[in-house]
Amino acid sequence: MFIRPRRLRLTQAIRDLVAETDLRPRHLIQPYFVQNAEGIVPIDAMPGIARTGIEATVKQVEADLKLGLKSVLLFGVPDEKSALAEHSHDAHGIVPKTVTALKKAFGNDLIVMTDVCLCAYTDHGHCGIVKDGYVNNDESVAILAEMALTHAQAGADIVAPSDMMDGRIAAMRARMDDEGFQNVGILSYAIKHSGAYYGPFREAADSAPKFGDRRSYQMDPRNAREGLKDALLDIEEGADILMVKPGIHNLDLIWRLKEACLLPICSYHVSSEYSAVKAGERLGWLNGDQLMYEQLISLRRAGSDMIVTYAGREAVTKGWIK
Ligand code: PBG
Ligand code: ZN
């Protein structure tokens, strides 16, 4: 007897029959960079991605909803920055205003997630409050909890802290619960490595650190167990969903975290992963459309229940997924 595994790869219909993984619009979370000024400002380092004013954001989300993309992740690009990041928790800031507009327009048809971090709001670009050259954990956490509350008050469904301070999940949970927002979820950036991964994003959000780097709060890419340890702490503190970031570089961690807990797992297909494919495509060196799809499907195969990706919209419009 000769065993022929190729029988199951014979036709498209048979391949579809035995496919173990799929990718649907419902799995995708589309990021948005929102600004006060009306209009659309393309980001050089991220082809296809732009900063948008509130009106333009609402219009684009309406189009995305028609494609089946039901989740957005909002990043604020504020007009003003300061040492103590006061605008991060301004009820009239760009993120709360956008959340309110989106919820008014789309209600529960849309899931509004908001990034919670200070780096776009501090004048030095670090993700927390700097004291004596070091990001002070507990002072940062107090402000981050106010920021999460402000987003909850504006109507956010889920807040997504990306700052990497210790104890922020518990602090946000307590602050939101105190004010009656028990039903607002927390998507924790639980495992987040430091490095060059986020370069294009920092152009989009204007959030690059003006001195030093983020290695005293984001994780060392040499470590895996450290990330799992922190992720399990986030569960104890009350996280609802755990994120692994960057995704393609951490397929092992997506898999291991999935095995280690029972929460839904989100991965972030980050800006450098997206832009690297776009750059190769522009140079004519690779098939960008196919490669982007293959990256997203590998994130699903590794165990991602959902994926934050800049390629969400084109995944549907270009027919990679239905
Ligand atoms: C803010 C934040 C970053 C990303 C998500 N939230 C940048 C950073 O940590 O410097 C990166 C996303 C991407 O690169 O696409 N802390
Ligand atoms: Zn940050």
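First listed ligand is number 1; within each ligand, the first listed atom is number 1. Being a predicted model, the structure only gives us computed values, none of them experimental.
- With a 4.0 Å heavy-atom cut-off, ligand 1 is reached by the side chain of Asp115 but not by its N, CA, C or O.
- Heavy atoms of Cys119 found under 4.0 angstrom from ligand 1 belong exclusively to the side chain.
- For ligand 1, the atoms lying closer than 4.0 Å to a non-hydrogen atom of Tyr268 are 12 (C), 15 (O).
- When ring centroids are compared, His249 and Tyr197 come within the 6.0 Å threshold.
- With no hydrogens or angles considered, no side-chain donor-acceptor pair links Ser82 and Asp123 at under 3.5 Å.
- The distance from ligand 1 to the heavy atoms of Val270 drops below 4.0 Å at these ligand atoms: 13 (C), 14 (O), 15 (O).
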Donor-acceptor contacts, no H, no angles, side chain residues 105-114, under 3.5 Å, sequence neighbours left out:
from   : atom 1 : to     : atom 2 : distance (Å)
Thr114 : OG1    : His151 : ND1    : 2.8

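- In this structure, Tyr274 does not count as a contact residue of ligand 1, since none of its heavy atoms falls inside 4.0 Å of the ligand.
- Taking the side chain as every heavy atom from C-beta outward, Ser267 and Leu299 approach each other to under 4.5 Å.
- Remark: the backbone N or O of His193 is not paired with any side-chain donor or acceptor of Lys245 at under 3.5 angstrom.
- For a distance threshold of 2.8 Å, the protein N, O or S atoms nearer than that to the Zn ion (ligand 2), listed by chain and number, are Cys117 SG, Cys119 SG, Cys127 SG.
- Heavy-atom contacts of Cys117 reach the following atoms of ligand 1: 16 (N) (cutoff under 4.0 Å).
- Comment: Arg168 does not engage Asp166 in a salt bridge, judged by the lack of any side-chain N to carboxylate O separation of less than 4.0 angstrom.
- A salt bridge does not link Asp305 with Arg300: every distance from a Lys NZ or Arg NE/NH1/NH2 to an Asp or Glu carboxylate oxygen is 4.0 Å or more.
- The shortest contact between atom 9 (O) of ligand 1 and any protein heavy atom is with Lys192 NZ, 2.7 Å.
- Checked by atom type and distance alone, the side chain of Tyr121 never pairs as donor or acceptor with a backbone atom of Glu86 at under 3.5 Å.
- Close approach of ligand 1 to Tyr189 (heavy-atom distance below 4.0 Å) involves ligand atoms 5 (C), 6 (N).
- Proximity to Gln218 (heavy-atom distance under 4.0 Å) selects the following atoms of ligand 1: 8 (C), 9 (O).
- Remark: Glu314 engages Lys278, Lys318 in a side chain to side chain donor-acceptor pair (under 3.5 Å) (not counting sequence neighbours).
- Among all non-hydrogen protein atoms, the one lying nearest atom 14 (O) of ligand 1 is Ser271 OG, 2.7 Å.
- A side-chain donor from one of Thr57 and Thr52 sits under 3.5 Å from a side-chain acceptor of the other.
- Atoms of ligand 1 lying under 4.0 Å from any heavy atom of Tyr310, numbered from 1 in the order shown and given with element: 12 (C), 13 (C), 15 (O).
- One N or O on the side chain of Glu38 and one on the backbone of Ile54 form a donor-acceptor pair closer than 3.5 Å.
- Distance from atom 12 (C) of ligand 1 to its nearest protein heavy atom, with residue and atom name: Phe201 CD1, 3.4 Å.
- Taking any N or O of Ser162, backbone or side chain, at least one lies under 3.5 Å from an N or O belonging to ligand 1.
- Of the polar atoms of Arg214, at least one N or O is found under 3.5 Å from an N or O of ligand 1, judged by distance alone.
- Taking the six-membered ring where the residue is Trp, Tyr268 and Tyr189 present tilted rings, their angle falling between 30° and 60°.
- Counting the atoms of ligand 1 from 1 in the order shown, those under 4.0 Å from a heavy atom of Lys245 are 2 (C), 3 (C), 4 (C), 5 (C), 6 (N), 11 (C), 12 (C).
- The side chain to side chain donor-acceptor pair (under 3.5 Å) pairs that include a residue from residues 230-243 are Ser188-Asp234, where partners are two or more places apart or lie in different chains.
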